Structure formats: structure tokens, C-alpha cells
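Here the structure comes first, spelled out in C-alpha cells, and everything after it is commentary.
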Amino acid sequence: MKFNPVNTNTWVPLTIQDESESLLNVISAENEFVTDEDGNVWIDAISSWWTVIYGHRNPRLISALQNQLQSLDHVMLAGNIHESAENLAKKLLELTNFDFKKVFYSDNGSNAIEIALKLSIQYYQNHPDFKPRSEFIVFSNSYHGDSIGAMNVSGKNYFNRIFSELRFPTKEFPAPNCMNCPWGKQTSSCDTECLADLELAIKQNEYAGIVIEPLVFGANGMLFYDKKVLIKLRDLATSTNTLLIFDEVFTGMGKLGEPFAYQKAEVVPDLLILAKGLTGGMLPLAATLVSDFIYKQFLSKDPYKAFFHAHTMTGNALACSVGYTSVSMLQEFGLTLVRELEKKLNLFAVTFQKRMGKSVENVRVMGGIFAFEWKEPVAHDEYLNPIGKQIKNSLRKFHILLRPLGRTIYITPPYTISDSSLEKIFLALETTLLGFLEPEKD
């Protein structure tokens, strides 16, 4: 049966609800491949929204799930604890070299962000030396999730503009963009001019926190920027007693070649958000890592200083067991795979740039990310630039699964992807894009 968003019982997300939209009916998956109802094999070139970092149905993750099922499936974490939650929490803290004190579990990145926001606000409420604070500094090209709180600390854009009346106070600044610096600076000459207005504002007002994706703004265009920005933000946050919150839902779990992007940047935040590849895409799980000095403000017998927040499936034993194995795999060989993948992507990038010439812009690689912009006029709502949908649909005949961000096309394959699959992806990209170019006139 051929599906469209109208004839399904499921409300398919981020999809126009129209009969002309065709859906891929996926029957099975393994490694970097998914198979549809007609037996066609597709390459999942974006790891199913950046989650399946070891490929689909990784045997080791399946084994972890099956073993956990033999003893405990789930128990509410309120008033209880279990081995799987404790083991994963300890493993994560070890992976951060104990830059953090506690791990607060949830089940998706938006929830993990909301936990960080609530912790930040209550930290100032609990602290005897600070007045209450509730306003956050955010960036224009940022995306932190679709729930109300996460939406509020994202930049105002196509994802959330309809719900502007629900926004709580934030101060939005232009996102740093070292690919197209508005000041015309190179990294060598940059003095973080992009943070001048933010610096003035943070010295004149009191903010609860700064929320940012470190080194790469993911969903709003795979924008790369230099670690100088994070170093400056760390200095400003420290000097003004403002909490620094890093959203590593995308960049964490080895995506940039280190366990976490903050380690690559050598800048430690006060709160760290994790999700996506935490379970290798097998089960929903997220975590908010909390610094010791923040946690100390919640150490009290006074119930009004307690953090009253929980989710029904918080710390699910199955997810935590798979997460523990996923982190172990990252330590054992995952980071090596990412660094090898980065070398391969750089080689492909050179050839790709030569073949595509001036029709592409900002060809770039960092860790397991390859991205570029198709030289198309910038749309008012860039995510909805029609060229992205056209390219995605054209790639379907090659059985390549991509989801461009407007005119930004990117690849974030499983760390385990084969060389032959990488070659097929780039061949399909080049063939497709060359087909979009007008024939040269004599």
C-alpha cells in the first residue's frame, strides 16, 4: 500500500498534511540501510535524525536490551534507584572527567533542555546570595526543541513563530557564523565582534543563563563557528554569575570527534544536554548533566528547595542499559570511527567541490558532519526553501535518505557506514545537483 500523510492513522510530523506527499513505508533496517515495502534498500545518510550512530539494529545494543529484559523493564525512579540508571550515570560522568556532579534523566532533547531551564531558574531562587532570575540569552539561528520551554530559548523562526504569544522573556542575539562572518573577519583576525552587543547586555542586566549549541548550530543550517565564541561566553558567564548551558543533543556522543563538543572547544559549561545517539537510536533517552555548585543549592531538608520535576519513564532501565553499552562502544572504538570518517569526508569534500564548482558554497566537514549550501536565493523562511524538498525528492530515485535544511544539504551518516555507501551517497548527490544546473549556452 502506498501511504501519504492523509491516509495514515499516524500524524506524521514535519510533513505537509496533503495527499500529494508520499511516505516511505519502512519494513526493516540494518547497518546504514533501511528496506521499504517493495524490497528497495535505502541508505540512511542522516542516521535517522542523527541517532543511529552505530547503524540500525546493532547486535551489541540488541544484546544489551535483551539482557536487561531478563531482570527489569521499568520502575519509577521517584523514590527508587536501579543498577542500569546508576551505571550509565557513572559512565557519563566519567566520560566528562567529572566536570559534572549529577545526571538527571528524561526521554528526549526538548525535555532535557526544559530541565536545564527550570534548574537554572530555581538555582537563583535557592541561592542565598542571588536575586531571582528568569530571562535567558538565546541566539537567532538556534533550535533546541518543540516543547514550550525549549521553543522559547530557540531563535524566533518558522518552527515557533505561530506560538509567539507563549514565549517567556528572552534576549536574542545574532548567532555566530564563522562561515559568513558579517564583519568580514577570518578566524585568525576574529575578536568575537559578534558578541559585542551581548557583552554589553549581560553586563547591564541579570540573566539566568546562556543557551547555545557548541561549535555547530544543527537544525538551523549546520552553521560552524570558532571556539573563541565559547571561550568568550564562558568568561562573560563566569564574571556575571550567569549559567552557561550547552545543548549537545546533536554534537554529543562523538559527533565532532571528541566525546562532547565542549571538550573539543575546551570550554566547560554549567549544564550539559544529551540525547540523540545516547542509545544509538534504539530507545528514547536524554540526560541533563549538572555541575556540583548548582546541585549544592538543592541540598536541603526544605521541600520548597527541592526540584520537583519528573517524567513517567525517567531513567527507564531498558534505555539506560542500552545507553551504557552505547557509551562503552564510543569509548572503545566509536571515536576512532568518527575520526576516520572525518578523513574520508574531507577527501570526498575536495573532489565534490572541484566537480560542483561555484554551484555550491561553504563546503565543510567537522567530525561526522559534511555540509554545504546549494547556490540558490535565500528564502524568507530558509528551512522552507523549496530547493531542499526538490533535492530530497530527486535523491529518492537513488534510494538515498537525506533531509536538507532548506538550501543546506548535509550528511551525518552512522559512524559505521561502509566506504561503498559513502561513495554511493556522493555519486547520487553530484548526479542530482548537476541535473539542477542549466545547460551552458554557446
Side-chain angles (χ1 to χ4, degrees), residues 31-33 43-61 91-92 94-97 99 109 213-219 222-227 230 246-267 272-282 285 287 289 322-350 352 363-372 401-402 409-426:
N31 299 326
E32 67 263 34
F33 307 108
I43 299 175
D44 186 352
I46 57 169
S47 305
S48 289
W49 264 342
W50 323 328
T51 61
V52 190
I53 58 178
Y54 307 112
H56 291 276
R57 298 178 59 249
N58 183 280
R60 191 162 161 186
L61 297 180
K91 176 75 80 172
L92 286 172
E94 289 174 347
L95 199 60
T96 68
N97 296 313
D99 288 328
E213 295 173 90
L215 298 180
V216 182
F217 288 93
M222 296 293 164
L223 301 180
F224 291 7
Y225 65 94
D226 193 75
K227 69 178 185 179
L230 299 177
F246 281 2
D247 176 355
E248 293 221 37
V249 169
F250 172 53
T251 59
M253 290 299 291
K255 188 69 68 183
L256 305 186
E258 296 294 337
F260 306 109
Y262 88 84
Q263 294 167 327
K264 185 179 183 73
E266 300 178 299
V267 176
L272 184 71
I273 315 301
L274 306 176
K276 296 291 186 187
L278 188 51
T279 67
M282 187 159 288
L285 185 66
L289 276 58
V322 174
Y324 179 87
T325 302
S326 179
V327 175
S328 298
M329 292 165 68
L330 187 72
Q331 291 174 307
E332 293 169 22
F333 59 82
L335 294 176
T336 299
L337 288 177
V338 177
R339 291 162 189 164
E340 292 174 351
L341 176 59
E342 183 177 38
K343 293 177 183 177
K344 295 173 186 177
L345 290 175
N346 273 313
L347 290 174
F348 277 111
V350 172
F352 179 80
V363 177
R364 55 198 182 274
V365 172
M366 190 186 302
I369 306 167
F370 167 86
F372 64 93
L401 288 180
L402 284 185
I409 295 91
Y410 72 92
I411 300 168
T412 51
Y415 303 162
T416 53
I417 190 168
S418 64
D419 290 349
S420 60
S421 289
L422 275 179
E423 290 171 2
K424 289 177 182 177
I425 292 170
F426 278 91

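The shown structure was predicted, so the numbers you read here are calculated from the model rather than taken from an experiment.
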Does any non-hydrogen side-chain atom of Met222 lie less than 4.5 Å from one of Arg364?
yes

Residues Ile273, Phe246; criterion side-chain contact (heavy atoms from CB on, under 4.5 Å); working and verdict:
CA-CA 6 Å; Ile273 315 301; Phe246 281 2; over 6 Å; no

Suppose we screen for side-chain hydrogen bond (donor to acceptor under 3.5 Å, both in side chains). Which residues come up paired with Ser48, at least two apart in sequence or across chains?
Asp44

Check: Tyr324 main-chain N/O paired with Ser328 side-chain donor or acceptor under 3.5 Å:
yes

I'd like to check the side-chain hydrogen bond (donor to acceptor under 3.5 Å, both in side chains) partners of Glu266; sequence neighbours left out, ordered by chain and number.
Lys227

Minimum heavy-atom distance Ser326-Gly280, with the two atoms named
OG-N, 3.6 Å

Taking the side chain as C-beta and beyond, is there a heavy-atom pair between Glu423 and Phe348 under 4.5 Å?
yes

Classify the ring geometry between Phe352 and Phe426 as parallel (under 30°), tilted (30 to 60°) or perpendicular (over 60°).
perpendicular

Using the rule given for side-chain contact (heavy atoms from CB on, under 4.5 Å), can you reason through Leu345 versus Leu422, listing the C-alpha separation, both sets of side-chain angles and the distance that settles it, and then say yes or no?
CA-CA 9 Å; Leu345 290 175; Leu422 275 179; 4.2 Å; yes

Determine whether Lys255 and Lys276 make a side-chain contact, defined as any pair of heavy atoms from C-beta on separated by less than 4.5 Å.
no

side-chain contact (heavy atoms from CB on, under 4.5 Å) between Thr96 and Tyr262, worked out
CA-CA 10 Å; Thr96 68; Tyr262 88 84; 3.2 Å; yes

Smallest heavy-atom separation, Val216 atom then Met366 atom, equals CG2-SD, 3.9 Å

Identified side chain to side chain contact (heavy atoms under 4.5 Å, CB included) counterpart of Leu274 within the set Leu285, Leu289, Thr251:
Leu289

For residues Ile46 and Leu401, determine if any side-chain heavy atom of one lies less than 4.5 Å from a side-chain heavy atom of the other.
no

With a 4.5 Å limit on heavy-atom distance, are the side chains of Leu92 and Leu278 in contact?
yes

Which is it for Phe333 and Tyr415 under the ring-ring contact (aromatic ring centres under 6.0 Å, His included) test, yes or no, and what are the steps along the way?
CA-CA 10 Å; Phe333 59 82; Tyr415 303 162; 9.7 Å; no

Do Lys424 and Glu32 meet the salt-bridge criterion of a basic N to acidic O distance under 4.0 Å?
no

Point-to-point distance, once rounded to the nearest 0.5 Å, from NZ of Lys264 to CG of Leu256:
6.5 Å

When you compare the side chain of Phe260 with that of Pro214, does any pair of heavy atoms fall below 4.5 Å?
no

So how far is it from Leu335 CG to Leu341 CG, rounded to the nearest 0.5 Å?
12.5 Å

Heavy-atom check, side chain of Leu272 versus side chain of Asp99, under 4.5 Å
no

Any donor-acceptor pair under 3.5 Å linking the side chain of Glu213 with the backbone of Ala219?
no

When Val365, Ile369, Leu215 are each screened for side chain to side chain contact (heavy atoms under 4.5 Å, CB included) with Phe224, the one that passes is Ile369

With distance as the sole test, does Ser47 use its side chain to make a donor-acceptor pair with the main-chain N or O of Thr412 at under 3.5 Å?
yes

Does a side-chain heavy-atom distance below 4.5 Å link Leu402 with Ile411?
yes

Can you check salt bridge (Lys or Arg N to Asp or Glu O under 4.0 Å) on Glu258 and Arg339, steps first, answer last?
CA-CA 9 Å; Glu258 296 294 337; Arg339 291 162 189 164; 3.4 Å; yes

So which atom in Gly109 and which in Val249 form the shortest heavy-atom distance, rounded to 0.1 Å?
CA-CG2, 3.8 Å

Between OG1 of Thr416 and NE2 of His56, what distance do you get to the nearest 0.5 Å?
9.5 Å

Give the intermediate values and the outcome of side-chain contact (heavy atoms from CB on, under 4.5 Å) for residues Met253 and Val327.
CA-CA 8 Å; Met253 290 299 291; Val327 175; 4.1 Å; yes

Scanning both residues in full, the closest heavy-atom pair of Leu330 with Pro259 reads CD2-CA, 4.3 Å

Minimum heavy-atom separation for Gly55 and Pro414, please, with both atom names.
N-CB, 3.8 Å

Closest heavy-atom contact between Ile53 and Gly277?
CD1-O, 3.5 Å

